[in-house]
Number of protein chains: 2
Amino acid sequence: MYEKYVKTLKDHSIKITSQRLEILKYLNEHHTHPNVEEIYSELKKKHPSLSRTTVYNSLEILKKNKIVQSLTISGSELRYDIEESLHHHFLCKKCGAILDISITCPNMDRTLDGGHRVEEVQGYFKGICKNCQTTEKGRRTNG
Amino acid sequence: MYEKYVKTLKDHSIKITSQRLEILKYLNEHHTHPNVEEIYSELKKKHPSLSRTTVYNSLEILKKNKIVQSLTISGSELRYDIEESLHHHFLCKKCGAILDISITCPNMDRTLDGGHRVEEVQGYFKGICKNCQTTEKGRRTNG
DNA sequence: TACTAAATTGTAATAATATCAAATTAGAAA
DNA sequence: TTTCTAATTTGATATTATTACAATTTAGTA
């Protein structure tokens, strides 16, 4: 059940705690780019002793180890994502969904403007998602 | 002195106030992507009656009119930038500078993943800027 | 010049995140 | 397996960025 998350933590020499395993599992099963509050309140249901600070701390150490990444696309709070292959993100201005976008940026791994060393690239696209466009046209509700 | 900013506001049918003119002027003369606090405290020096709320409000209306744009690249607060030609941004992890990057993204003005309508694109590059690399090697201080 | 809707101001509220000290626990060492 | 200690978790409190709001002021029209 948790073997793969145990392995991930071990591989990075991070102490294995149930809180960290639960957070990793949650992110792995919910690719919706949740914020801290969502992760906290969801996990709190099954693990009432969980503290919000632990969620912040855990995400921080996972981020330092490049196991997760944080996104600032929403503008008001950090959103979290399991780090997999490089991908970018699309924010729907209507429904708020954050979607993974599988394009590659030709400027990754390069030196910019004659000397700036690039270590990370985040591409944020904003607009109206496919589903919301359909809703607009067809006057259907989103549920 | 302020004619160009007056024109900008008039062109967008935004009421002309000295506060808005000062903010526009500040952004036009400081392409450092300042946050609200920087803009506020700088302008407050010459205009002691200025309120922080006014800075927030003004930036908001300027943003709605696409005269300025806000960046979330720093992660903790919004940074502001005069909207000019499309460009992207580089954040130096060492000195914190945010620099304009003049590459064009081939995915702008397109439909992504078979249907998401793209209206805005922000490319965030993070790493070590040219200047900080020199400092590293040469062991010079940044001043 | 007078009027009114909109903008400015300052205070207070909210939301996200950071700090910190006390209690708990993972995992190394005995 | 038990003991020990450094690291982690917890919860309370602090801080920071931003928003809400009511009273005052002002831009721009009539």
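We name chains A, B, ... by the order of the sequence lines, and we start the count at 1 in each one.
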Nearest-nucleotide comparison on DNA chain C, the residue closer to the 5′ end among A/Lys15 and A/Glu37
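Nearest-nucleotide comparison on DNA chain C picks A/Glu37.
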Given DNA chain C, 5'-ward residue of the pair B/His47 and A/Asn35, judged by closest heavy atom: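 Of the two residues, B/His47 wins.
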Expressed in angstrom and rounded to an integer, what is the separation of [X] atom [atom1] from [N] atom [atom2]?
X: B/Ile16; N: C/dA7; atom1: CD1; atom2: P; answer: 12 Å
X: B/Arg79; N: D/dA17; atom1: CZ; atom2: C1'; answer: 13 Å
X: A/Arg20; N: C/dT25; atom1: CZ; atom2: C1'; answer: 11 Å
X: A/Ile61; N: D/dT9; atom1: CD1; atom2: P; answer: 8 Å
X: A/Leu50; N: C/dA23; atom1: CG; atom2: C1'; answer: 16 Å
X: A/Gln19; N: C/dT24; atom1: CD; atom2: P; answer: 14 Å
X: A/Leu78; N: C/dT17; atom1: CG; atom2: C1'; answer: 9 Å
X: B/Ile23; N: C/dT8; atom1: CD1; atom2: P; answer: 8 Å

Q. Picking from D/dT9, C/dT9, C/dG10, which would you name as closest to the side chain of B/Lys44?
A.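 For the B/Lys44 side chain, the nearest candidate turns out to be C/dG10.
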**Message:** Using heavy-atom distances to pick each residue's nearest nucleotide on DNA chain D, tell me which of B/Thr17 and A/Ile14 is more 5'.
**Reply:**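 Result: A/Ile14.
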Can you tell me if B/Asn65 uses its side chain to pair, donor with acceptor, with the backbone of B/Ile61 under 3.5 Å?
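Judged by distance alone, yes, a pair lies under 3.5 Å.
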_Taking NZ in B/Lys44 as the centre, count heavy atoms belonging to other residues, nucleotides or ligands within less than 6.0 Å. Is the count above 12?_
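More than 12 within 6.0 Å, yes.
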message = Between A/Thr53 and C/dT17, is there a contact of a side-chain N or O with OP1 or OP2 at under 4.0 Å?
response =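 Result: no.
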Single-linkage hydrophobic cluster, 4.5 Å side-chain cutoff, B/Tyr124 and B/Val118 together: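 No, B/Tyr124 and B/Val118 fall in different hydrophobic clusters.
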For this session: Could you tell me whether B/His33 and B/His31 have their ring centroids closer than 6.0 angstrom?
Result: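 No.
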